[in-house]
Engineer: 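Dropping the structure in here first, questions after.
Keep in mind that this is a model prediction, so the values were computed, not measured.
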Amino acid sequence: MVKIAFQSPFAHKDAPAKEAAEALVAEKDPEVGTQGHEHSSGRCLLTLLGLAFILAGVVVGGACIYKYFMPRHKVFRGQMCYVGEDRQDDSPEPYFLPIAEEADIREDDNIAIIDVPVPRFSDSDPAAIVHDFDRLLTAYLDLQLGNCYVIPLNTSIVMPPRNLMDLFAKLATGSYLPQTYLVHEEMVVTEEIDNVSDLGIFIYQLCSGKETFRLKRRDKINGLQKRSAEKCHSILHFENMFVVETKICQQ
């Protein structure tokens with residue numbers, strides 16, 4: 001059977017209108033497509049910028065956390081034994097008293113930070129000590145009194161950082177326990193320091209917010225008549241092959 005299709009008489013009339021409409025849409029489509037592409041590119045760029053900022057924040061934050069919360073320097077622990085001076089004369093052999101401390105030695109900064117815990121066999125005070133080899137200053141923080149004391153660095157008593165690091169490296173093994181002697185030094189307070197910011201960042205961090213005084217060394221012969229009126233405190237420590245008793249007196 002042959003199927004016969006009848007064509008509407010208006011089909012030829014609608015064709016030009018349809019073609020005109022398609023041409024109009026075709027003219028508008030490129031503009032619409034371009035705008036859509038631009039909006040999509042803008043969103044991608046903003047997303048990439050946001051991710052870049054987040055990544056930068058993570059990197060910087062991680063670096064800050066590592067810098068301020070992770071240990072940057074190895075802390076050494078060491079112990080020495082020194083001859084006790086209050087032994088009886090009839091004692092056949094000298095006896096040795098142990099003293100232990102921790103040292104944070106920063107060779108790059110030319111700094112040695114000594115932590116002296118509460119001693120077990122003496123009445124000396126616990127302390128934190130900073131030796132600044134660049135500024136040639138030593139600061140003592142008496143942890144019992146809460147006061148800070150600053151004096152010129154005594155290089156005849158304190159080893160330089162490299163030698164001090166070698167000493168504590170041997171002490172840290174536990175197999176090296178020298179039996180040594182006690183050296184005495186006496187200091188007297190001369191004046192109060194109002195501004196510790198000029199003493200370097202390490203001494204500033206140690207003494208900021210605390211009463212800080214300047215010291216001078218005193219010859220044992222001088223001032224013997226004044227000792228009864230002085231208040232003195234001692235700190236036992238070692239930064240060499242011998243133990244030092246630093247006596248700080250305030251008139």
Side-chain angles (χ1 to χ4, degrees), residues 69-88 91 93-133 137-151 153-187 202-203 205-207 210 212 215 217 231-249:
F69 294 98
M70 297 298 290
R72 297 178 56 198
H73 306 275
K74 182 178 180 180
V75 176
F76 296 91
R77 293 172 176 83
Q79 179 173 296
M80 281 189 177
C81 292
Y82 65 97
V83 178
E85 296 184 338
D86 56 347
R87 64 187 180 91
Q88 300 296 328
S91 177
E93 294 183 358
Y95 68 94
F96 294 89
L97 299 176
I99 174 176
E101 63 185 28
E102 296 181 350
D104 179 5
I105 304 167
R106 310 184 183 186
E107 191 175 8
D108 293 339
D109 297 321
N110 224 10
I111 289 289
I113 303 172
I114 309 297
D115 183 17
V116 181
V118 178
R120 292 179 292 173
F121 298 100
S122 71
D123 57 354
S124 60
D125 294 349
I129 307 171
V130 170
H131 300 293
D132 190 332
F133 289 85
L137 291 174
T138 292
Y140 301 91
L141 172 60
D142 189 314
L143 297 176
Q144 181 169 309
L145 300 177
N147 294 339
C148 229
Y149 304 94
V150 180
I151 195 168
L153 176 65
N154 187 352
T155 54
S156 63
I157 288 181
V158 183
M159 283 182 170
R162 167 48 59 182
N163 302 78
L164 197 57
M165 188 178 297
D166 294 339
L167 172 62
F168 272 91
K170 292 194 295 184
L171 294 174
T173 62
S175 59
Y176 178 69
L177 185 59
Q179 296 177 344
T180 184
Y181 53 94
L182 186 64
V183 174
H184 300 273
E185 63 174 1
E186 291 191 9
M187 318 286 190
F202 293 97
I203 294 180
Q205 291 175 348
L206 182 73
C207 300
K210 304 173 181 64
T212 304
L215 298 176
R217 290 178 176 84
K231 296 180 180 179
C232 299
H233 296 265
S234 296
I235 299 172
L236 282 177
H237 55 99
F238 61 88
E239 295 90 357
N240 210 314
M241 296 298 298
F242 47 83
V243 178
V244 179
E245 181 191 40
T246 299
K247 181 177 290 186
I248 300 174
C249 299

Engineer: Just verifying a value: how many Å separate M187 CE and C249 SG, rounded to the nearest 0.5 Å?
Structural biologist: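 M187 CE to C249 SG: 10.5 Å, rounded to 0.5 Å.
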
Engineer: Let me confirm one number: the OH-CG distance from Y82 to L97, rounded to the nearest 0.5 Å.
Structural biologist: 4.5 Å

Engineer: Within the 3.5 Å criterion, strictly below it, is a donor on H233 or Q144 matched to an acceptor on the partner's side chain?
Structural biologist: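 No pair is found: no donor N or O on one side chain lies under 3.5 Å from an acceptor on the other.
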
Engineer: Check this for me, if you would: do D166 and R162 make a salt bridge, where the nitrogen-to-carboxylate-oxygen distance has to be below 4.0 angstrom?
Structural biologist: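 Yes, charged N to carboxylate O under 4.0 Å.
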
Engineer: With rounding to the nearest 0.5 angstrom, report the OG1 to CD distance, T138 to E239.
Structural biologist: 7.5 Å

Engineer: Between H184 and E186, do the side chains contain a donor N or O and an acceptor N or O under 3.5 Å apart?
Structural biologist: no

Engineer: Apply side chain to side chain contact (heavy atoms under 4.5 Å, CB included) to residues L167 and M80 and explain how you reach the verdict.
Structural biologist: CA-CA 11 Å; L167 172 62; M80 281 189 177; 4.1 Å; yes

Engineer: Would you call the rings of F168 and F76 parallel, tilted or perpendicular if under 30° counts as parallel and over 60° as perpendicular?
Structural biologist: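 Aromatic pair F168/F76 classed tilted.
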
Engineer: For the side chain of S234 and the backbone of E245, is there at least one donor-acceptor N/O pair under 3.5 Å apart?
Structural biologist: no

Engineer: For the side chain to side chain contact (heavy atoms under 4.5 Å, CB included) test, which of V158, I111, L164 pairs with F133?
Structural biologist: V158

Engineer: Spell out, as yes or no, whether a donor-acceptor pair under 3.5 Å connects the side chain of T155 to the backbone of L153.
Structural biologist: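 Absent.
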
Engineer: Any donor and acceptor pair, going by atom type alone, linking the side chain of E185 with main-chain N or O of V244 inside 3.5 Å?
Structural biologist: no

Engineer: What pair of heavy atoms forms the shortest contact from P117 to A100, and how long is it?
Structural biologist: CD-O, 3.2 Å

Engineer: With side chains defined as the heavy atoms from C-beta onward, is the minimum distance between M241 and M159 less than 4.5 Å?
Structural biologist: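 Counting from C-beta outward, M241 and M159 do come under 4.5 Å.
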
Engineer: Could you grab the distance from atom CD1 of I129 to atom CG of L141, nearest 0.5 Å is fine?
Structural biologist: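 The CG atom of L141 is 9.5 Å from CD1 of I129, to the nearest 0.5 Å.
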
Engineer: Minimum heavy-atom separation for P178 to Q79, with atom names?
Structural biologist: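 Shortest heavy-atom separation between P178 and Q79 comes out as CD-O, 4.3 Å.
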
Engineer: Report yes if the side chains of R77 and E102 come closer than 4.5 Å at any heavy-atom pair, otherwise no.
Structural biologist: yes

Engineer: At their closest point, which heavy atom of K170 faces which heavy atom of Y176, and how far apart are they?
Structural biologist: O-CB, 3.5 Å

Engineer: For residues L206 and A128, report the shortest heavy-atom separation together with the two atoms involved.
Structural biologist: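 Taking every non-hydrogen atom into account, CD1-CB, 3.8 Å.
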
Engineer: I'd like to check Y149 versus T246 (side-chain heavy atoms, cut-off strictly below 4.5 Å). Are they in contact?
Structural biologist: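 No, side chains not in contact.
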
Engineer: Does the side chain of N110 reach to within under 4.5 Å of the side chain of P161, using non-hydrogen atoms?
Structural biologist: yes

Engineer: Within the side chain of N240, is there an N or O that forms a donor-acceptor pair under 3.5 Å with the backbone of I157?
Structural biologist: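 A pair under 3.5 Å: yes.
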
Engineer: Are any of the side-chain heavy atoms of L236 and V116 separated by less than 4.5 Å?
Structural biologist: no

Engineer: Does Y181 have its ring centroid less than 6.0 Å away from the ring centroid of F242?
Structural biologist: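 Y181 vs F242: aromatic centres under 6.0 Å.
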
Engineer: So do F238 and I114 actually touch side chain to side chain, heavy atoms under 4.5 Å?
Structural biologist: no

Engineer: What distance do K210 atom NZ and L145 atom CG have between them, rounded to the nearest 0.5 Å?
Structural biologist: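 Here the rounded value is 13.0 Å.
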
Engineer: Stepwise, does the side chain to side chain contact (heavy atoms under 4.5 Å, CB included) test hold for I203 with L137?
Structural biologist: CA-CA 9 Å; I203 294 180; L137 291 174; 3.8 Å; yes

Engineer: Determine whether S124 and I235 make a side-chain contact, defined as any pair of heavy atoms from C-beta on separated by less than 4.5 Å.
Structural biologist: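 Answer no - side chains too far apart.
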
